[in-house]
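One structure, pasted below without further comment.
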Amino acid sequence: MMRNERYNAREAERKWQKTWDDRELFRTKNNDPRPKYYVLEMFPYPSGRIHMGHVRNYAMGDVVARYKRARGFNVLHPMGWDAFGMPAENAAMANKTHPATWTYANIATMRDQLKSMGLSLDWHREIATCDPSYYKHQQRMFLDFLKAGLIDRKTAKVNWDPVDQTVLANEQVIDGRGWRSGALVEQRELTQWFFKISDYAQDLDDALDRLERWPEKVRLMQKNWIGRSEGLSVRFALDAETAPKGESEIEIYTTRPDTLFGASFVALAPEHPLSKKASENNPALQAFIDECRKIGTAQELIDKAEKKGFDTGIRVTHPFDPNWTLPVYVANFILMDYGTGAIFGCPAHDQRDFDFATAYHLPIKTVVCPSDQDPKTYAVGDAPYVDDGKIINSLFLDGMTITAAKEEVAKRLEEVSLNGKPVGTRKVNFRLRDWGISRQRYWGCPIPVIHCEVCGTVPVPIKNLPVKLPDDVTFDVPGNPLDRHATWKHVDCPQCGKKARRETDTMDTFVDSSWYFARFTDPWIEDQPTDRSAIDGWLPVNQYIGGIEHAILHLLYSRFFTRGMKKTGHAGIDEPFDGLFTQGMVVHETYRDAAGQWVSPAEIEIAMDGGDRKAKLLSSGAPVEIGSIEKMSKSKRNTIDPDDIIGTYGADTARWFMLSDSPPERDVIWTEDGVQGASRFVQRLWRLVSDVADQTPSDNAHDAAAEDAVLTIRKAAHRAVIRVEDDVERLRFNRCVAHAYELANALQAELAVKKDKNVSGEWIAAMREAAEFLIAIIAPMMPHLAEECWAELGHQNLIAETPWPKADRSLMVESDITIPVQVNGKKRGEVTVARDADNATVEAAVLALETIKTALDGKPPRKIIVVPQRIVNVVV
RNA sequence: GCGGACAUGGCGAAACUGGUAGACGCAAGGGACUUAAAAUCCCUCGGCUGAAAAGCUGUGCGGGUUCGACUCCCGCUGUCCGCACCA
């Protein structure tokens with residue numbers, strides 16, 4: 001009997017979700033004896049509704065979770081909400097709601113949406129970072145970090161976002177603009193709380209090499225960000241006649257000590273103490289420094305500013321020649337917070353120094369000679385030479401390589417002393433700065449300290465945690481509502497009892513996401529942030545999946561925070577994520593109407609017009625221009641609402657399409673055709689399984705042809721399972737999809753051959769086994785359809801609780817194999833030989849081929865290369 | 001400027017550590033079924049020659065290594081990404 005009923009995704013998905021729920025199938029126990037597997041996708045910000053990027057991210061994670069569960073692992077697959085942050089305050093301002101109301105309403109909506117995807121999540125472990133039961137522990141860890149010396153409070157030049165009216169970390173400034181607001185970032189001096197991530201710069205750098213299951217790209221990005229450089233700090237003696245009172249030296253930092261004989265000036269940052277001192281009796285210099293500071297308000301302007309300097313009049317002595325003096329400039333391109341805030345300039349071999357020397361007519365002395373030039377005559381022309389070569393014009397360094405010269409200079413300067421200390425000291429510098437976490441916002445985790453006029457900065461006693469956010473706040477004016485709250489910040493000092501003031505800054509929301517993966521391992525424990533036995537059992541996360549946009553910020557902070565947790569006893573490891581995968585974006589075509597306005601895909605219709613795709617408005621029929629393919633965004637109106645897709649086609653179709661076609665690390669193009677293709681496969685698979693279920697055997701069907709068919713079916717099924725195993729492990733979901741199609745095609749073809757014919761019991765058994773394998777293969781990707789098909793085959797249990805099929809690898813071993821035969825590297829034929837045939841036998845078989853005989857034309861072959869079981873190449 | 005990645009049919013792509021290029025899907029074209037449409041099923045589908053068998057050619061471009069190169073090496077072009085006065 002053939003069935004014509006369609007698979008009803010809406011009904012089936014609801015039914016199976018309820019079944020999984022009722023049986024608490026995805027509730028994970030910490031004391032389960034099976035080996036653990038922790039798979040985590042980056043938790044969402046509760047912005048309002050889920051988008052296709054979420055669907056892709058969580059579909060991938062769910063494939064891994066369901067697959068690992070089937071392979072016998074105790075899988076932890078939790079979900080939570082990165083719930084603090086600016087958008088909640090913006091919404092509060094716009095809609096006169098409270099950030100908490102807005103946030104929790106969004107969470108409720110998005111939780112329902114995620115549930116409709118049929119994800120195998122342990123919802124019992126759900127956390128929201130804005131909940132006092134979460135941020136209480138974060139405050140506790142802040143205090144522990146403070147005690148352990150991992151936190152600093154210092155005045156620093158900070159990145160100020162004038163729109164969001166808050167401080168940004170360096171990592172949050174992109175092209176001189178705020179990462180969220182897009183406003184031009186200004187520089188301001190503020191007293192801030194800092195996590196001392198730079199203390200771990202070396203360790204964070206070293207450990208990257210051991211993160212073998214991280215994408216190379218991410219490791220490289222972090223390496224560049226940490227920016228380790230090896231160099232020499234050199235102390236120059238000031239010429240006594242020109243030095244400001246009380247000053248006798250300048251310490252500079254260089255990575256090119258080998259070019260010391262090419263020095264022509266020393267330059268200081270405008271904020272350098274010596275610059276300030278020199279300007280005291282020098283109004284012109286003072287004016288120059290002021291000008292630098294003015295330009296320094298916007299990062300973008302700094303980047304474009306011309307190189308400018310001002311001669312301080314101070315002179316320094318060259319460390320290798322007491323008779324050689326160099327001028328000291330204040331220059332706008334020297335950064336106070338890198339190295340020592342002072343450099344020596346070697347114009348011949350550095351672009352910036354070259355520009356500077358050209359502008360101020362300073363000497364340009366060549367000291368490095370390229371290997372293809374004559375050292376006696378070589379001199380740089382209108383551009384500096386920055387590549388490798390041999391040292392020239394440098395006395396005792398002449399003829400040395402750059403590396404050798406660096407070493408020689410360091411060695412010599414270490415032995416000379418100035419003011420009782422060595423002139424030269426080897427020094428490693430990092431680009432990485434400390435992580436400023438103070439934010440002048442309401443909707444964040446309060447920093448649990450109290451400022452007392454008598455006692456200074458006093459930690460809030462742990463028993464008083466959490467420091468809860470007050471509910472009664474207003475957002476009618478810019479700035480921090482906590483700061484202007486009538487009562488909240490006024491407290492008594494926990495130490496002396498006198499009137500004191502709460503810290504009104506809250507923590508950067510990246511702190512919240514720096515340890516949520518740890519809290520998931522035991523989100524119930526109340527007196528500690530983590531339960532050590534739980535965290536030690538579960539961490540590190542085996543597979544972490546998320547967007548490349550977090551390659552630096554979130555991932556670097558989490559790596560630091562985990563080290564901090566280790567130091568304070570809250571964790572036992574350094575690296576939180578063993579395997580990392582960064583998935584690509586979901587992109588879609590864009591459309592514009594005649595007026596150039598963006599039009600959403602839902603408003604148009606696409607038809608073929610003589611081989612060209614033409615779009616027009618559904619409402620008026622007016623033509624619409626089909627534009628480039630872009631990341632889905634509200635501004636370009638090229639988004640597709642997951643709810644619409646799930647409502648129309650079902651979650652399985654959406655998941656299947658997200659996993660098919662494009663490799664997961666690449667962008668996937670969302671197309672209506674593609675979704676329909678996925679939907680067709682859902683229906684096809686359902687028909688296929690139903691047809692297999694309906695087969696009935698007849699007694700007299702056993703024959704040799706049937707035996708062949710049984711073997712063919714079994715091979716196809718077992719091969720598919722083996723391949724999917726391999727590809728899921730490597731997260732190559734697009735290939736998993738292809739294997740499923742291939743097996744489905746094979747089964748369908750076999751059914752067509754046997755249509756209206758008698759079939760044997762053996763044949764039916766093979767077909768059922770193959771169908772079951774096929775269901776198992778698709779189950780991690782399309783879990784609802786898989787359950788429905790599983791039940792259709794008469795199973796009483798769930799596929800979600802059925803172990804992964806055991807593939808028989810011996811089925812793949814053939815006694816005879818067919819291998820290609822090449823002539824001069826071009827395929828010319830095939831030969832079938834015994835699997836274990838020796839090379840001589842294979843050669844004989846190849847030479848017997850007609851095509852080879854023709855190619856040889858009676859002459860003996862020059863050479864025959866036999867790669868056993870692979871290929872034969874005849875060289876003529 | 002520095003660093004990195006990528007480049008394969010009309011499209012998304014596959015090809016394990018060098019060994020039959022284009023699996024699988026989408027689109028397109030043709031056909032079957034139908035009063036018709038949808039759905040479904042069958043066939044074709046890199047280019048050129050050919051009725052076919054088959055042959056030649058083909059993985060951005062130019063070289064090289066090799067019996068054999070999408071894969072390795074050198075040079076170029078293009079696209080994308082990260083960092084950007086870091087001494």
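Computed from a prediction, not measured in an experiment: that's the story for all the values here. By convention in this document, chain letters (A, B, ...) are assigned in the order of the sequence lines, proteins followed by strands, and residues within each chain are numbered from 1.
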Can you tell me how far P in B:C6 sits from the matching atom in B:G60, rounded to whole Å? 13 Å
For A:Arg666, report the nucleic acid contact type (base, sugar-phosphate, nothing); a contact means any heavy atom under 4.0 Å. sugar-phosphate
Looking across every strand, which nucleic acid part, if any, lies under 4.0 Å from A:Asp673 by heavy atom: base, sugar-phosphate, or nothing? sugar-phosphate
Consider the side chain of A:Arg687, meaning its heavy atoms from C-beta on, and name the nucleotide among B:U20, B:U40, B:A23 that approaches it most closely. B:U40
Hey, does A:Arg732 reach any base, or is it just sugar-phosphate, or nothing, if we go heavy atoms under 4.0 Å? sugar-phosphate
Would you mind classifying the nucleic acid contact of A:Gln869 as base, sugar-phosphate or nothing, using non-hydrogen atoms under 4.0 angstrom? nothing
Looking only at atom types and distance, does a side-chain atom of A:Thr653 sit under 3.5 Å from a main-chain N or O of A:Tyr649, one as donor and one as acceptor? yes
Regarding A:Thr671, tell me which of base, sugar-phosphate or nothing describes its non-hydrogen contacts under 4.0 Å with the strands shown. nothing
Quote, to the nearest angstrom, the P distance that separates B:C74 from B:G4. 12 Å
Categorize A:Gly674 for me: base, sugar-phosphate, or nothing, with a 4.0 angstrom heavy-atom threshold over every strand shown. nothing
Residue-level proximity of residues 252-266 of chain A to RNA chain B when a heavy atom falls under 4.0 Å: A:Tyr253, A:Thr254, A:Thr255, A:Arg256
Identify whether any heavy atom of A:Glu742 sits under 4.0 Å from a base atom; if not, whether one sits that close to sugar-phosphate; answer base, sugar-phosphate or nothing. sugar-phosphate
Assign A:Asp355 to base, sugar-phosphate, or nothing according to its heavy-atom contacts below 4.0 angstrom with the strands shown. nothing
Using a heavy-atom cut-off of 4.0 Å across all strands, would you classify A:Ile548 as base, sugar-phosphate, or nothing? nothing
Using a 4.0 Å heavy-atom cut-off across all strands, classify A:Asn429 as base, sugar-phosphate, or nothing. nothing
Report yes or no: does A:Arg655 contribute a side-chain atom to a donor-acceptor pair with the main-chain N or O of A:Met782 at less than 3.5 Å? no
Apply the ring pair (Phe, Tyr, Trp, His ring centres under 6.0 Å) test between A:Phe681 and each candidate in A:Phe657, A:Tyr7, A:Trp656; give the one that qualifies. A:Trp656
Which part of the nucleic acid, if any, lies within contact of A:Lys827, taking any heavy atom under 4.0 Å across all strands shown: a base, the sugar-phosphate backbone alone, or nothing? base
Torsion-based syn/anti label for B:G9, 90° from 0 as limit: syn
Answer with base, sugar-phosphate or nothing: what part of the nucleic acid does A:Leu220 contact at a heavy-atom distance below 4.0 Å? sugar-phosphate
Counting just side-chain N and O atoms, does A:Ser660 come under 4.0 Å of either OP1 or OP2 of B:C24? no
Kindly indicate whether the side chain of A:Asn224 and the base of B:C83 share any N or O donor-acceptor pair separated by less than 3.5 Å? no
Is A:Arg559 reaching over with its side chain to a backbone N or O of A:Leu204, donor-acceptor style, under 3.5 angstrom? yes
For A:Pro820 and A:Asp667, take the nucleotide of RNA chain B holding the closest heavy atom to each; which residue's nucleotide lies nearer the 5' end? A:Asp667
Dot-bracket pairing map - RNA chain B, Watson-Crick plus G-U, both contacts under 3.5 Å, | cross-strand: (((((((..(((......[....))).(((((.......))))).((((....))))..(((((..]....))))))))))))....
Which whole number of Å gives the distance between the C1' atom of B:A15 and that of B:C70? 8 Å
In whole angstrom, give me the gap between the C1' atoms of B:U20 and B:U71. 15 Å
Check the pair A:Tyr360 / A:Phe265 against ring pair (Phe, Tyr, Trp, His ring centres under 6.0 Å), numbers first and verdict last. CA-CA 10 Å; A:Tyr360 293 94; A:Phe265 63 95; 8.9 Å; no
Of the listed nucleotides (B:C67, B:A14, B:G82), which one gets closest to any side-chain atom of A:Met221? B:G82
Looking at every strand, decide which applies to A:Val867 at a 4.0 Å heavy-atom threshold: base, sugar-phosphate, or nothing. base
Of the candidate nucleotides B:C24, B:C26, B:C56, which contains the atom at the shortest distance from the side chain of A:Arg828? B:C56
Taking A:Lys308's backbone N and O only, do any of them form a donor-acceptor pair with A:Asn332's side chain (distance below 3.5 Å, no angle check)? yes
